[in-house]
Amino acid sequence: MEFKRHLVTAALPYANGPVHIGHLAGCYLPADIYVRYLRAQKRDVKFVCGSDEHGVPITIRAMKEGITPQDVVDKYNAIIRDSFADMGISFDIYSRTSNKTHHETAQAFFRKLYDNGVFEERESEQYYDAEKNTFLADRYIIGTCPVCSNENAYGDQCEKCGSTLSPEQLINPRSALSSAPLVKKKTKHWYFPLDKYEPWLKEWISEGKKDQWKPNVYGQCKSWLDSGLQPRAMTRDSNWGVPVPIEGADGKVLYVWFDAPIGYISATKELTTQWADYWCQEDTKLVHFIGKDNIVFHCIIFPSMLKAHGGFVLPDNVPANEFLNIEGQKVSTSRNWAVWVDEYLKDFPGQQDVLRYVLCANAPESKDNDFTWKDFQDRTNNELVSVFGNFVNRAFVLMHKLCGGRVPALHTDVMDDADRALIAEISNTKNSIEQCLENYRFRDGLFEVIDLARKANKYMQDKEPWIVAKAVAAEPEKQKLIDNCLHLCLQLTANLAILANPFLPHTAQKMCYMMKVVDRMLEWENAGRTDLLKVSYPLRAPELLFRKVEDAEVAAQVEKLHNNLKKATTPVMDNNTTPQQEAPATEAENPQYQPQKPEITIDDFMKIDLRVATIVKAQKVEKADKLLQLELDLGYETRTVLSGIAMHFKPEDIVGKQVTVVANLAPRKMRGIESKGMILMAQNADGGLVFAAPVVPADNGGEVR
RNA sequence: CGCGAGAUAGAGCAGCGGUAGCUCGUCGGGCUCAUAACCCGAAGGUCACAGGUUCGAUCCCUGUUCUCGCUACCA
């Protein structure tokens, strides 16, 4: 089908914390790239999102901090909204589910289903906290696990033994919120009969979406459908949320997963009076960008709701990403193991596109991926800076040096195959990127952009205009070769701006400024043209598009991550301390000492094979300031170990000394020499090094434990 | 437990029946216009493991192991 309109949504972030880079990589960044691409094509597109501001965790948080739920969501809504705006996530509207339009829309939706007799009413008994006057979600009931006797098992699961539980199974259940004894109270809720929609869903998904949706998304849906759907309660006992709009429903609100996706509709309503065109016309392409944890809600529940209501379009695709881990560990907000976007923006001002680049290049499109600061540095320095940034810079610098600061002419009489191939490459790249983006393959699309710059670097290298320039004095007609090379490199730079624009919008803007062209040049249809910059048009002096990430910055970020983790795990999380009070304590650490590393088990430690060894030979490694090549006698063998201690010790002084060596460390090549192990050194505050070794001679090869 | 997704060079990913590819890193060389950059070349993989189907399997089938998810309002 030919779509006239596009409606793109990104998962509503939950307003009880800031956004981290996992959120960005998971859905906001891909959604933004997709939307920017569609806009550049002048297609009709609306991009909606907003804060999800209801639900129990927000009320809990408010209770703990002694403020109202509204205070909580106001605070985080502002932080989240600003982070997105600063990162260039270009929503047409960023709304929130606590506002009036949303309440009205969600209530009307519920009412329509209610009037149509869709819901089933059911009464059940649930645990109630009499002191806090609230029903308790399973998660907020604590008790002793019937399986492993852990006294702090949750009502839904025991984290110690992993058993799945229900609150009834807990021994001595108690409230997580107060010391009040639990009572059971009857409560009535309205259930959405998902089971009745199962046949329809099966047809819609199994037959219609099998090859269109990503394998993880399709597989997940199929799994749900095959195991059979159950009616699901769409209301909750709470005073924070959208009130259930029917008689006799006092103290009840809509289940957040009922209300949140309707937030997409409410946001569109706020955005435009034409909202119904986007939601109700068959030729609208609705796309939900989400993370994998949301698949069931967007592929099963929400479509069923829309179907039950009638009159709405259904999602054409739900390109869910997997998760992004940080430095090898799962993101955890409670342990504060995350890279927060607002903090990144403070630490790396003006470098939004660098993060956009890294997160897109390493996006968890097909499986969970790991974000490491080292990878952030490598990708930035070796790909963005060296390939893309450097090409643009050298094209500009050469143009100023060899062509008088103006766009040189293209002399068709001396064009060769390399020139023509480069021109063809621009169109090829444009087509490839279109293919990638239309199919939600953003990582590949971005690669194509960088690859074009890579090819352009090679083209320039082959043409060597700086060499040709030396011959111009003797053979003036050679200037034509230089002109052609730089003409094409500059036109290619203009194309790079267009092609990179969806991914790196701030960079594209900067390039437009340097080329002195208006934003309209960035329209997608201009890609592939080689007349974007007029001949003899003077261009500005180049500015560096990106800067390198320094080792110290990487180290600082890694340390920050670990410090935050320590702060969160330190048992000061008393109910009396609010997070605001804790925050300033961060800097109070003793600065001379490295923070202690995370706790390990004895098993972790026993994996390390420490041995006593004697240095039998030592020599400097050529072309390395710090490295010494050591031959160590371990009793049962002699091996080579490289150590970065050349600044501290002379080779001849340490021969014969005993050391402790990590014997089972994976071998690593440095300067072409394989190092098989590591010797232990103690470091003093002044940077001085001391061998960590037996105080009296011991047997070589002896285990250290 | 069951179900789903994933497991391919040091890292990140393609390939999905016919001699294993790309980017980065590593190593060697070249060049110098450019952010010590760029260009050329090389090394590096028993394609998680074990069976099976096939003339032939990384790719299909079966089983196993590991990771993540499906449960909790963390994308």
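Numbered from 1 within each chain, the chains take letters A, B, ... in sequence-line order. Values below: every heavy atom of this structure, side chains too, minus hydrogens, waters and symmetry copies.
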For the rings on A/His288 and A/Tyr264, is their centre-to-centre separation under 6.0 Å?
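Here the rings of A/Tyr264 and A/His288 have centres that are less than 6.0 Å from each other.
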
Would you say the rings of A/Phe91 and A/Phe84 are close, in the sense that their centroids are separated by under 6.0 Å?
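Between A/Phe84 and A/Phe91, the centre distance is under 6.0 Å.
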
Rounded distance in Å between the [atom1] positions of [N] and [M]:
N	M	atom1	result
B/rA14	B/rA20	C1'	11 Å
B/rA48	B/rG15	P	15 Å
B/rA43	B/rC60	P	30 Å
B/rA5	B/rC73	P	25 Å
B/rU19	B/rU35	P	45 Å

Hey, are the side chains of A/Cys485 and A/Ile482 touching, using non-hydrogen atoms and a 4.5 Å cut-off?
no

Does [X] place a side-chain N or O at less than 4.0 Å from the phosphate oxygens OP1/OP2 of [N]?
X	N	answer
A/Ser366	B/rA14	yes
A/Ser386	B/rC38	yes
A/Asn216	B/rG69	no
A/Lys367	B/rC13	yes

Please tell me which of the listed nucleotides, B/rC73, B/rC24, B/rG69, lies nearest to the side chain of A/Phe323?
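Nearest to the side chain of A/Phe323 among the choices is B/rG69.
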
In the strands shown, is [N] matched to any nucleotide by a Watson-Crick or G-U wobble pair with both distances under 3.5 Å, and which?
N	answer
B/rU19	none
B/rC33	none
B/rG2	B/rC70
B/rG56	none
B/rA50	B/rU62
B/rA42	B/rU26

Indicate, yes or no, whether a donor-acceptor pair under 3.5 Å links the base of B/rC73 to the side chain of A/Tyr14.
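Answer is yes: a donor-acceptor pair is held.
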
Measure distances between side-chain N and O atoms of A/Glu464 and base N and O atoms of B/rC38, and say whether any donor-acceptor pair falls under 3.5 Å.
no

With A/Lys292 as reference, evaluate A/Asn216, A/Asp368, A/Asn321 under the side-chain hydrogen bond (donor to acceptor under 3.5 Å, both in side chains) test and give the passing residue.
A/Asp368

Whole-Å gap separating P (B/rU32) and NZ (A/Lys463)
18 Å

